[in-house]
Each structure stands twice: as structure tokens, then as C-alpha cells.
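All residue numbers refer to positions in the sequence shown, counting from 1. One-based numbering, in listed order, for ligands and for the atoms of each. A quick note: this is a predicted structure, and the numbers were derived from the prediction, not measured.
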Amino acid sequence: MSTVRVRFAPSPTGYLHVGGLRTALYNYLFAKKHGGAFLLRIEDTDRTRYVEGAVENLIRTLGWAGLQFDEGPGVGGDRGPYVQSERLSLYREYAEQLIRDGHAYYAFDTAEELEAMKAEQERQKLTPKYDRRALMLTPSEIEAKRASGTPSVVRLLVPDATTVVIEDVVRGRVEFESAMIDDQVLLKSDGYPTYHLANVVDDHLMGITHVIRGEEWLSSTPKHVLLYRAFGWDLPVFAHLPLLLNPDRSKLSKRQGDVAVEDYMRKGYLPEALLNFIAFLGWNPGDEREIFSLEELVREFTLERVGKSGAVFNSEKLDSVNRQYIKTAPTPRLVEEIGARLTAHGVPVPSEQQLAGVVALMKERVTTLEEFATGCVYLFTDPAGYDEEAARKNWKPETGGWLKDLVPLLRGMEGFTATALEAVVKERAGSLGVGAGKLIHPLRLAVSGTSKGPGLFEMMELLGRDVCVRRIERALAALG
Ligand code: GLU
């Protein structure tokens with residue numbers, strides 16, 4: 001087999017879809033596994049969908065995920081440019097070659113004419129398809145129209161009565177009857193190629209050996225195969241990845257959850273966790289193992305283990321994978337990430353040592369990095385208020401007096417450790433003749449403002465004596 005060359009070829013529509021990340025990941029894994037090259041190609045020939053800044057955003061997001069491409073915009077490579085809008089003259093030349101060789105033709109129909117044609121076909125219950133009226137034009141009529149500047153497109157001349165066979169690595173043998181294939185527009189009247197022409201020309205010129213992409217492109221593949229044949233080029237290997245589904249097995253949609261990788265970035269999923277989770281959307285190692293680093297995925301990944309059936313995007317699974325990654329992430333890394341998030345939220349960033357304490361206390365309890373920054377603000381700043389329901393339940397008329405008496409005991413403690421704190425509080429509850437909960441619950445409310453969180457005594461040790469005493473006094477003032 002010649003050196004593997006694969007590409008991720010997104011259209012810059014504004015954000016990277018999780019399905020796009022899966023395509024990029026599988027291409028990356030396949031390239032690395034075979035010592036090949038992973039290319040990024042920007043397919044931006046649909047100018048109506050152009051979004052400012054989308055390419056930069058894509059590149060940033062791939063970088064965040066750790067999927068470094070070997071050739072592409074900003075990186076270079078000897079098969080560039082890697083942005084289709086910078087290759088327009090090439091597509092025109094290839095379209096003209098097809099016309100010369102009798103595989104494509106000019107058509108001059110207006111939008112209204114095409115509409116009317118379609119309406120008529122629908123009325124007759126025929127599959128809407130270009131009726132090839134342009135083939136009736138004589139060479140001199142075509143010349144005259146072109147000379148007078150009549151807008152034209154170039155259409156593929158789909159051969160009659162052939163079966164296009166695709167041997168897909170994932171889907172097996174797939175057949176399409178050419179009668180069902182429209183004479184696809186290859187070059188639009190604005191001079192831009194359609195996806196089909198640009199995609200095939202570039203895959204050929206860029207030496208792509210394997211086309212690994214989502215199943216939604218499978219129906220385009222027969223057109224591509226016809227183009228390869230028309231040009232006399234070798235076919236790449238095709239592998240169409242299964243659809244991503246919502247838990248109700250409908251096609252993955254925004255309506256049922258986040259689909260932009262950027263959303264997961266913002267929420268504080270670790271890139272390795274997201275990649276690990278995404279790797280399993282269509283592939284599995286064939287055994288029970290679930291946690292894989294990118295290097296391990298490279299080692300284990302094969303297209304043969306990619307399944308045909310749709311893969312459900314289960315966000316609970318993602319949460320569980322992320323929790324596992326946070327639990328084992330090195331503390332300095334978490335400290336840095338959380339520090340940045342606190343700053344973004346305008347929360348004063350404590351010392352590195354203190355942040356490390358928070359990490360140690362919380363890393364087994366949080367699902368995302370963002371939870372550190374928003375869900376446990378009380379570990380960084382005094383509570384701005386007190387959970388009303390918890391106060392109603394746990395702050396009784398006698399509570400204030402009990403906590404007030406606790407303050408000098410806390411002040412007098414020798415070491416302000418979790419164990420010592422627990423002993424002091426339990427002893428106090430014992431001498432009051434009440435259960436420890438009667439002190440623990442209000443104490444937690446006073447110190448954190450909420451009724452949830454890490455172990456009270458560990459939290460108090462982390463906050464330190466001064467902070468705890470200050471907070472208890474503030475709570476006494478506020479709650480009585
Ligand atoms: N530009 C297409 C996309 O947005 C590429 C499909 C393909 O890989 O051929 O996904």
C-alpha cells in the first residue's frame with residue numbers, strides 16, 4: 001500500500017460539530033497508525049455559508065483537541081493551497097477537461113426554468129432530475145451563448161444504465177443505479193465548483209488514499225466515483241462512518257444537547273476525555289476497556305472495527321469519562337485551568353497552594369472543570385447568601401447560640417485539621433446532648449452558604465481557621 005494520506009475536509013460553518021471531531025479523530029488515528037499524513041482541507045466553496053473567523057476557530061479547536069495536522073492552512077505542505085477558495089482556477093480547468101472529453105456539458109437554464117422542470121416532474125411523480133435539455137444545443141449555439149455571456153453551469157454527464165459499485169470498508173459493497181443519479185452541477189454560474197468537483201479534484205491532487213467521512217456523504221460517493229472514472233484516476237478507499245444519534249435514536253441534533261465541540265470546551269471537558277468518548281462513537285476495541293489515551297487509540301484503532309449502525313451520543317457516558325480523567329489529571333494542570341476559569345468569572349484567584357488544596361478536595365467530586373469555578377465558589381470567596389431551604393431546615397432558634405459557643409473552641413484549637421475539627425464538633429454535640437448533625441449542618445451552611453459540597457471538616461481545614469471563624473460570625477449576623 002502506498003503511504004497513507006487522509007484528510008479532514010470541513011466546511012467552515014462557524015463551529016466544529018462533534019461529528020466533525022469524530023471524523024477528524026478517526027482520520028488522525030488512521031494516519032498515525034500507518035505512519036501516514038493527516039491533512040486539513042477547508043472546503044469553503046459555498047459562499048452563502050461563509051462565516052467570518054470560522055477557519056481560525058476550527059484550527060484552534062482541533063489544536064485544543066490535540067489533533068495536529070501534518071499539512072493544511074497555516075502549516076503548509078507541498079500539495080497546497082489547502083483552502084478551496086484559493087484553488088478556483090484548478091477546478092475550472094478540470095471542468096473544461098471533462099467537457100472536452102465528453103463527460104460533462106454546459107447548461108444555461110435559469111432558476112425559473114429549473115423550478116418549472118422540477119414542478120412538472122413532481123406532477124408526473126418522476127424523480128426530480130435534470131432533463132438534459134442542454135444536450136440538444138448545437139456546438140455553435142453553445143458558443144454563441146457563451147460568447148454573449150449567458151450564465152452557465154457545467155454538469156456531469158452521468159452514463160446511462162450502469163451500476164456504480166462502492167466497496168466501502170465500513171459498509172461493505174454498496175450499489176447505486178446510474179439512472180437514479182442526477183447530472184450533478186460541477187461548476188456553478190459564479191465560477192465556484194460544487195462540493196463534488198472540488199472534493200474529487202483535491203482528493204486526487206492531494207494524493208488522498210483513504211476517504212474517511214460521515215455516512216451522510218455516502219449518497220454523494222457514486223457521483224464521486226463517476227468523476228474519478230471520467231478523469232481516469234484511481235479510486236481512494238472509502239470508509240463511511242456511522243451516523244451519530246440522540247438517545248432517542250433520531251439524528252444527533254442541537255435540540256437535544258450540545259453538538260459544538262466549543263460547548264464542551266467551555267464547559268470544562270478535558271480534551272483527552274472528549275476524544276476518548278468520541279472514539280467510541282462507532283468504534284470499540286473489542287473488549288471491556290474504556291479508557292484510552294490518544295497514543296493508545298492510535299495503537300488500537302482499525303477501520304475494520306468501525307461498526308455500521310448509528311452510534312448514540314450518550315452525554316452521561318461522557319460525564320463519567322470526564323470525571324475519570326479529572327480524577328487522574330495532574331494537580332498543576334488542574335490548578336492552571338481552574339485559575340484561568342476563576343479569572344474569567346471575576347473570582348479572585350487564591351494562591352497556587354490553596355488552589356491545589358481545592359483540587360485535592362474536589363477532583364473526585366466534579367464532572368467538569370467549570371464546576372470547580374462556578375459550583376464551588378464558596379471555596380474561594382465568602383458566601384454571598386445562604387441557601388434558604390437549608391436555612392429553614394437546619395438553622396433553628398438555638399443554633400446561633402451553639403455556633404457562637406463553638407467559635408472560641410475553634411480559635412483555641414492547636415492544629416486546625418479535619419480530624420481535630422471533627423473531634424471538637426462531636427464532643428461539643430455530645431455535651432449539648434444533641435446529635436452531631438445539629439451542629440454539622442448549620443456549620444456547613446455558615447461556612448459555604450449551601451447544604452452540599454465536600455466533607456465539612458476537610459473543607460474547613462482547607463479554608464483555614466480565620467476564614468471559618470469569619471464566615472461563622474457573618475452567618476450569625478445574617479441568620480441570628
Ligand atoms: N466539506 C464536507 C464536510 O463539510 C466534506 C465531506 C467529505 O469529507 O468529503 O463535511
Side-chain angles (χ1 to χ4, degrees), residues 4-31 36-51 54-55 57-59 61-62 67 69 71-73 79 81-88 91 156 164 166 168-171 174 176 184-186 188 192-228 231 233 235-244 251-254 259-261 278 281-282 303 306:
V4 163
R5 289 176 60 81
V6 292
R7 81 314 191 265
F8 174 48
S11 297
T13 52
Y15 64 91
L16 178 57
H17 191 281
V18 286
L21 182 63
R22 195 234 355 223
T23 301
L25 173 63
Y26 284 16
N27 275 286
Y28 174 92
L29 297 176
F30 188 75
F38 170 56
L39 283 67
L40 175 66
R41 181 173 74 225
I42 301 298
E43 302 208 328
D44 60 345
T45 58
D46 185 351
R47 301 318 274 173
T48 57
R49 292 175 69 198
Y50 181 77
V51 176
V55 175
N57 187 49
L58 254 165
I59 294 176
T61 310
L62 286 176
L67 301 182
F69 44 92
E71 295 174 33
R79 309 281 186 108
Y82 295 90
V83 177
Q84 288 187 327
S85 58
E86 295 169 21
R87 303 168 64 82
L88 297 181
Y91 308 127
L156 175 67
V164 181
I166 297 157
D168 189 276
V169 180
V170 176
R171 310 205 58 88
V174 189
F176 293 87
Q184 179 65 51
V185 172
L186 301 176
K188 296 177 277 187
Y192 278 80
T194 55
Y195 155 69
H196 308 281
L197 177 66
N199 190 269
V200 167
V201 166
D202 286 349
D203 280 346
H204 173 72
L205 295 180
M206 294 179 183
I208 298 304
T209 56
H210 296 72
V211 169
I212 304 169
R213 63 183 168 203
E215 188 180 308
E216 60 273 29
W217 303 103
L218 182 62
S219 59
S220 298
T221 309
K223 297 173 185 174
H224 300 182
V225 170
L226 291 173
L227 277 170
Y228 279 99
F231 283 120
W233 295 337
L235 286 177
V237 174
F238 290 104
H240 287 90
L241 309 175
L243 289 178
L244 297 188
K251 193 170 173 232
L252 186 66
S253 66
K254 254 191 236 184
V259 293
V261 174
I278 294 252
L281 297 178
L303 284 175
V306 174

Before accepting this row, confirm whether a basic side-chain N of the pair Asp203/Arg41 lies closer than 4.0 Å to the acidic partner's carboxylate O. yes
At under 4.0 Å between heavy atoms, is it the side chain or the backbone of Phe8 that contacts ligand 1, or both, or neither? neither
Can the ring centres of Phe238 and Trp217 be said to be less than 6.0 Å apart? no
Got an N/O contact under 3.5 Å between Pro10 and ligand 1? no
Please lay out, stage by stage, how His210 and Tyr26 fare under the test ring-ring contact (aromatic ring centres under 6.0 Å, His included). CA-CA 11 Å; His210 296 72; Tyr26 284 16; over 10 Å; no
Indicate, as side chain, backbone, both or neither, the part of Val211 found under 4.0 angstrom from ligand 1 when only non-hydrogen atoms are considered. neither
May I ask you to say whether Glu215 pairs ionically with Arg171, meaning some side-chain N is under 4.0 Å from a carboxylate O? yes
Taking the six-membered ring where the residue is Trp, are the ring centres of Phe231 and His204 under 6.0 Å apart? no
Protein contact to atom 2 (C) of ligand 1 [nearest heavy atom, distance to 0.1 Å]: Ala9 O, 3.3 Å
So if I count the atoms of ligand 1 from 1 in the order they appear, which ones are less than 4.0 Å from some heavy atom of Asn199? 7 (C), 9 (O)
Counting from 1 in the order shown, the ligand 1 atoms closer than 4.0 Å to a non-hydrogen atom of Glu43 are 1 (N), 2 (C), 5 (C)
What residue and heavy atom of the protein are closest to atom 8 (O) of ligand 1, and at what distance? Arg7 NH1, 2.7 Å
Nearest protein heavy atom with distance in Å, relative to atom 3 (C) of ligand 1: Trp217 CZ2, 3.4 Å
Testing Ile208, Val4, Ile212 one by one against Asn27 for a side chain to side chain contact (heavy atoms under 4.5 Å, CB included), which residue passes? Ile212
